[in-house]
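Okay, structure first, notes after.
On a predicted model such as this, the values are computed, not experimentally measured, just so you know.
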Amino acid sequence: MSKGERKRAMRGRAGRMQGGRGSGRASTGQVRLWGRHAVEAALKNPARSHRKLWATREGIDSLDGELPEGFPVEYADVADLARLVARDAPHQGLVLECAALEDVFLDEVMGDDPARPLVVLDQVTDPHNVGAILRSAAAFNAAAIITQDRHAPPESGVIAKSASGALEIVPWVRVVNLARALEEIAEAGYWRIGLAGEAEATLAEALPTGPVALVLGAEGDGMRHNIAGHCDALARLPISAAMESLNVSNAAAVALYAVATRT
């Protein structure tokens with residue numbers, strides 16, 4: 001059977017969206033993802049347990065590859081899908097409900113490849129920023145992002161959409177105590193560099209040749225004093241004096257590029 005025939009057969013098995021309306025919330029213990037890149041990456045992730053896909057026919061056609069035999073699909077129009085997601089969310093005709101990813105632990109992401117940096121986020125709570133940082137982490141081959149559970153957003157469709165598929169690629173470690181995690185990171189041989197606009201050294205000057213953990217604080221407040229005290233060095237990005245600072249996700253992208261291209 002050709003790809004087009006399989007898609008037609010799959011569409012023929014699917015029904016209309018039951019009731020025609022959604023609550024806008026996922027079921028207990030589930031995560032609702034939307035947008036082609038986020039949904040496609042989640043469908044291809046064998047670590048995901050999927051519950052249901054709501055889609056327009058155009059949304060299904062946009063996917064790369066085939067859905068598994070018997071995958072639960074309900075067709076819906078654009079207006080119905082909009083009721084399943086956050087207000088004005090760009091769902092692109094695809095909304096997937098699935099189980100949250102399994103927990104990842106710190107010792108599972110350290111030491112496999114010393115060239116791959118860790119990204120530690122201190123109180124970065126905006127899901128758009130976290131998603132964008134995940135995307136940059138995937139682009140520059142970071143080993144993981146690490147956040148404190150109480151001061152980070154939960155896994156969500158907003159993060160997945162901003163990450164453009166990277167949520168399924170980059171391990172996300174949530175820890176109870178970020179300072180203690182930084183101690184463990186040091187014990188594993190990483191040089192911990194905190195990004196701070198007031199630092200004297202530039203990032204290029206502070207970068208070592210070995211394993212690196214980049215530590216970034218929230219916009220405005222920056223890193224907490226205790227977290228900065230757990231860094232081996234503070235460094236700044238050499239941005240123009242015309243701008244006070246960069247958005248934290250932009251700063252993360254620049255810093256990850258600097259690590260990837262160090263000599």
How long is the gap from [atom1] on [X] to [atom2] on [Y], to the nearest 0.5 Å?
X: Asp232; Y: Trp191; atom1: CG; atom2: CH2; value: 4.5 Å
X: Leu182; Y: Leu106; atom1: CG; atom2: CG; value: 9.0 Å
X: Phe140; Y: Thr261; atom1: CZ; atom2: OG1; value: 8.0 Å
X: His151; Y: Leu178; atom1: NE2; atom2: CG; value: 9.0 Å
X: Glu155; Y: Leu101; atom1: CD; atom2: CG; value: 4.5 Å
X: Leu33; Y: Leu53; atom1: CG; atom2: CG; value: 10.5 Å

So which heavy atom on [X] is nearest to which on [Y], and how close?
X: Pro153; Y: Pro127; result: CG-CA, 4.1 Å
X: Leu207; Y: Arg262; result: CD1-CB, 4.3 Å
X: Ala235; Y: Ile193; result: CB-CG2, 3.9 Å
X: Val109; Y: Ala143; result: O-CB, 3.7 Å
X: Val120; Y: Ala213; result: CG2-CB, 4.5 Å
X: Pro171; Y: Val104; result: CB-CG1, 4.1 Å

[X] side chain to [Y] main-chain N or O, any donor-acceptor pair under 3.5 Å?
X: Arg48; Y: Ala99; answer: yes
X: Gln148; Y: Val176; answer: yes
X: Arg51; Y: Cys98; answer: no
X: Arg116; Y: Asn141; answer: yes
X: Glu40; Y: Asp64; answer: yes

Could you check whether any side-chain heavy atom of [X] comes within less than 4.5 Å of a side-chain heavy atom of [Y], counting everything from C-beta outward?
X: Leu94; Y: Ser62; answer: yes
X: Trp34; Y: Leu81; answer: no
X: Val119; Y: Leu121; answer: yes
X: Leu134; Y: Ile169; answer: no
X: Trp172; Y: Ile159; answer: yes
X: Asp103; Y: Arg174; answer: no
X: Asp80; Y: Asp77; answer: yes
X: His91; Y: Val78; answer: yes

Above 12 or not: heavy atoms from other molecules or residues under 6.0 Å from CZ of Arg192?
-> yes
Check the angle between the aromatic planes of His50 and Phe71 and answer parallel, tilted or perpendicular using the 30° and 60° thresholds.
-> tilted
Report whether [X] and [Y] are members of the same hydrophobic cluster (ILVMFWY, side-chain heavy atoms less than 4.5 Å apart, transitive linking).
X: Ile146; Y: Val212; result: no
X: Leu203; Y: Ile145; result: yes
X: Tyr257; Y: Leu246; result: yes
X: Val175; Y: Tyr190; result: yes
X: Leu234; Y: Leu214; result: no

Evaluate side-chain contact (heavy atoms from CB on, under 4.5 Å) for Trp54 paired with Arg83, printing each intermediate quantity in order.
-> CA-CA 11 Å; Trp54 293 273; Arg83 297 184 179 97; over 6 Å; no
Do NZ/NE/NH1/NH2 and the carboxylate oxygens of Arg180 and Glu187 come within less than 4.0 Å?
-> yes
Any salt bridge between Glu74 and Lys52, counting N to O under 4.0 Å?
-> yes
Could you please spell out the steps behind the side-chain contact (heavy atoms from CB on, under 4.5 Å) verdict for Met223 and His230?
-> CA-CA 11 Å; Met223 286 179 293; His230 278 80; over 6 Å; no
Pair Val31-Glu97, side-chain contact (heavy atoms from CB on, under 4.5 Å): steps then yes or no | CA-CA 6 Å; Val31 177; Glu97 191 163 288; over 6 Å; no
Can you check salt bridge (charged side-chain N to carboxylate O under 4.0 Å, His left out) on Glu168 and Lys44, steps first, answer last?
-> CA-CA 9 Å; Glu168 313 298 324; Lys44 291 181 176 181; over 6 Å; no
